[in-house]
Chemist: 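Starting off with a structure, shown below.
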Amino acid sequence: MPDIDRRRFLAGSAAATTAAAAVTMASPARGLLGIRTASAAPVADPKYQGKRHVAILGGGCAGLSAAHELIERGFTVDVYERYPVAGGKCRSIGVPDTGSGGRPDLPGEHGFRFFPGYYKHITDTMARTPYGSNRNGVKDNLAVGEQVRFSRDDAWDMVLPYHHLDTANPVDLINAIVGFIGVVPGLGIAETIYFATRLVEFVTACDARRDGQYDKLTWWEFVKAERYGPLYQKFLAKALTRNLVAADALRASTRTIGLQATRILVCNIIFSMYDPASRVLNGPTSEVWIDPWLSHLRGKGINWIPNTTVEKLHVGDGEITGVTVSTDGRQRNVGADVYILAVPVERARELLDAPLRAIDPGFKELDTFVADWMTGAQYFLKNPLPINKGHISYVDSPWA
């Protein structure tokens, strides 16, 4: 599937703008936008030959993913986790004293558990995790959303269905984007077209431009949000970044947001590539994903060590020689051939101290990495409330 030619797109952008101004859809021709990927066989590092014992420090999604791949390849895997349960920030966290009649506490969730269709790796892992009689294991616990709803404080609501289109060139693609978002009440045709052309410009950019130029440009700057009105800024600049990666449009890089927008809006929704565009878990996260995952991995032979905090990584002769961990307040040293650090970035900054940074100066980049905490509100309803068959974005809300 060839990429859209960037020069042809830029040369024809004026014609595309004129065509899109009529908000008409060109007759679809068969063809899809190809996203370049590098697929090369992994090359084994000679220094790891014969090393089969791996210690994974952290039992969240990253740690369990690494454990899954390694245990299937015959490695001895130890997973050290700070909490008594697996999942890290992905797990359900029970709300104290909310269970009654012998039922467990209500499951607090860190986020909305969105699994768009372009998420390929985690859903592949889910499909390899058994769950009851499910043919595709845990993956069958993903429920498909049919639409997305946008609600504002001026009393209008807009519902966009996930429909699928074919397109063959930049003009058709711009028309498709304009047709998808152009139904927003109050959003002018000129600003809708401009946003569509900016998105297609990103789509047709080479990797070097994305890495060298767009990674240094915020999404707010790239879509020229300051030129347009409040609705353009809220809906296309801010709400898009929040919905895709829970990021701030004024700080997130164009490379990050553009890649996500390309995959979900252009490839996933408009072109119907990958699996269904919108999927969420059909039950509490730990119940329908994390707990079955850990149970499967323990059955495969991983050594699960909970209630254990990583205290210090020891270094000798340019490599890690051991780890001090603390279980129930009692410290001990543990060892392995290879170590995988799978802890939150704020903890990684502390553990990757001066001796480790001397081995790899790249670790100093952690000090400039910006990590923002998410905050949200979760409501438990006693009765079904059929608001929408999919996600809702409260465009004006600071809690959106």
Side-chain angles (χ1 to χ4, degrees), residues 1-21 23 25-26 28-39 116-120 148 160 162-182 187 190-225 228 232 235-237 239-241 243-245 247 249 252-275 277-278:
M1 295 183 291
D3 288 322
I4 292 174
D5 182 82
R6 181 180 175 82
R7 291 184 176 85
R8 178 163 58 87
F9 160 68
L10 295 176
S13 60
T17 300
T18 302
V23 200
M25 294 301 298
R30 294 300 300 177
L32 293 174
L33 172 67
I35 301 300
R36 293 183 298 275
T37 59
S39 56
Y118 65 86
Y119 277 19
K120 305 299 290 184
V148 58
L160 294 177
Y162 293 117
H163 53 272
H164 304 139
L165 305 170
D166 293 323
T167 191
N169 57 58
V171 175
D172 291 343
L173 178 55
I174 291 176
N175 280 330
I177 296 172
V178 170
F180 185 74
I181 65 177
L187 192 61
E191 51 194 0
T192 304
I193 294 170
Y194 181 76
F195 178 82
T197 58
R198 295 303 283 163
L199 185 55
V200 176
E201 179 182 322
F202 181 89
V203 168
T204 59
C206 64
D207 291 339
R209 184 182 297 274
R210 292 174 180 177
D211 295 341
Q213 179 181 345
Y214 294 156
D215 197 41
K216 300 177 178 64
L217 194 68
T218 68
W219 183 250
W220 184 268
E221 294 168 329
F222 180 73
V223 299
K224 299 294 190 292
Y228 297 102
Y232 179 94
F235 187 80
L236 298 180
L240 182 68
T241 56
N243 292 348
L244 290 177
V245 289
S253 80
T254 294
R255 179 183 179 276
T256 298
I257 302 303
L259 285 172
Q260 303 304 314
T262 296
R263 287 170 180 146
I264 189 168
L265 178 60
V266 178
C267 296
N268 211 168
I269 296 177
I270 292 179
F271 289 158
S272 188
M273 297 170 66
Y274 317 122
D275 287 339
S278 174

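Because the structure is a prediction, the values reported are computed rather than measured.
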Chemist: State whether the side chain of Arg255 and the backbone N or O of Gly212 hold a donor-acceptor pair below 3.5 Å, judged by distance alone.
Modeler: no
Chemist: Give me the atom names and distance for the closest heavy-atom approach of Ala225 to Ala237.
Modeler: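 Nearest pair, atom of Ala225 first, then Ala237: CB-CB, 4.0 Å.
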Chemist: Any chance you could measure Ile193, atom CD1, to Arg198, atom CZ, to the nearest 0.5 Å?
Modeler: 15.0 Å
Chemist: Distance check, rounded to the nearest 0.5 Å: Asp215 atom CG versus Leu259 atom CG?
Modeler: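 Rounded to the nearest 0.5 Å, the CG-CG separation comes out at 9.5 Å.
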Chemist: Mind checking side chain to side chain donor-acceptor pair (under 3.5 Å) for Thr218 and listing every partner two or more places apart, or none if nothing turns up?
Modeler: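 Thr218 satisfies side chain to side chain donor-acceptor pair (under 3.5 Å) with Glu221 once adjacent residues are dropped.
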Chemist: Check for a donor-acceptor pair, side chain of Arg209 on one end and backbone N or O of Tyr214 on the other, with a separation under 3.5 Å.
Modeler: no
Chemist: Can you name the closest pair of heavy atoms from Phe222 and Thr254 and give their distance?
Modeler: CB-OG1, 3.1 Å
Chemist: Keeping Tyr232 on the side-chain end and Val223 on the backbone end, is there a donor-acceptor pair under 3.5 Å?
Modeler: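 Indeed, once roles are kept as given, a pair shorter than 3.5 Å links the two residues.
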Chemist: Thr262 and side chain to side chain contact (heavy atoms under 4.5 Å, CB included): which single residue from Val203, Ile257, Val200 fits?
Modeler: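 Result: among Val203, Ile257, Val200, Val203 is the only option passing the side chain to side chain contact (heavy atoms under 4.5 Å, CB included) with Thr262.
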Chemist: What pairs with Tyr194 under ring-ring contact (aromatic ring centres under 6.0 Å, His included), at least two apart in sequence or on another chain?
Modeler: Tyr228
Chemist: What are the two closest heavy atoms between Trp219 and Leu199, and how far apart are they?
Modeler: CH2-CD1, 4.4 Å
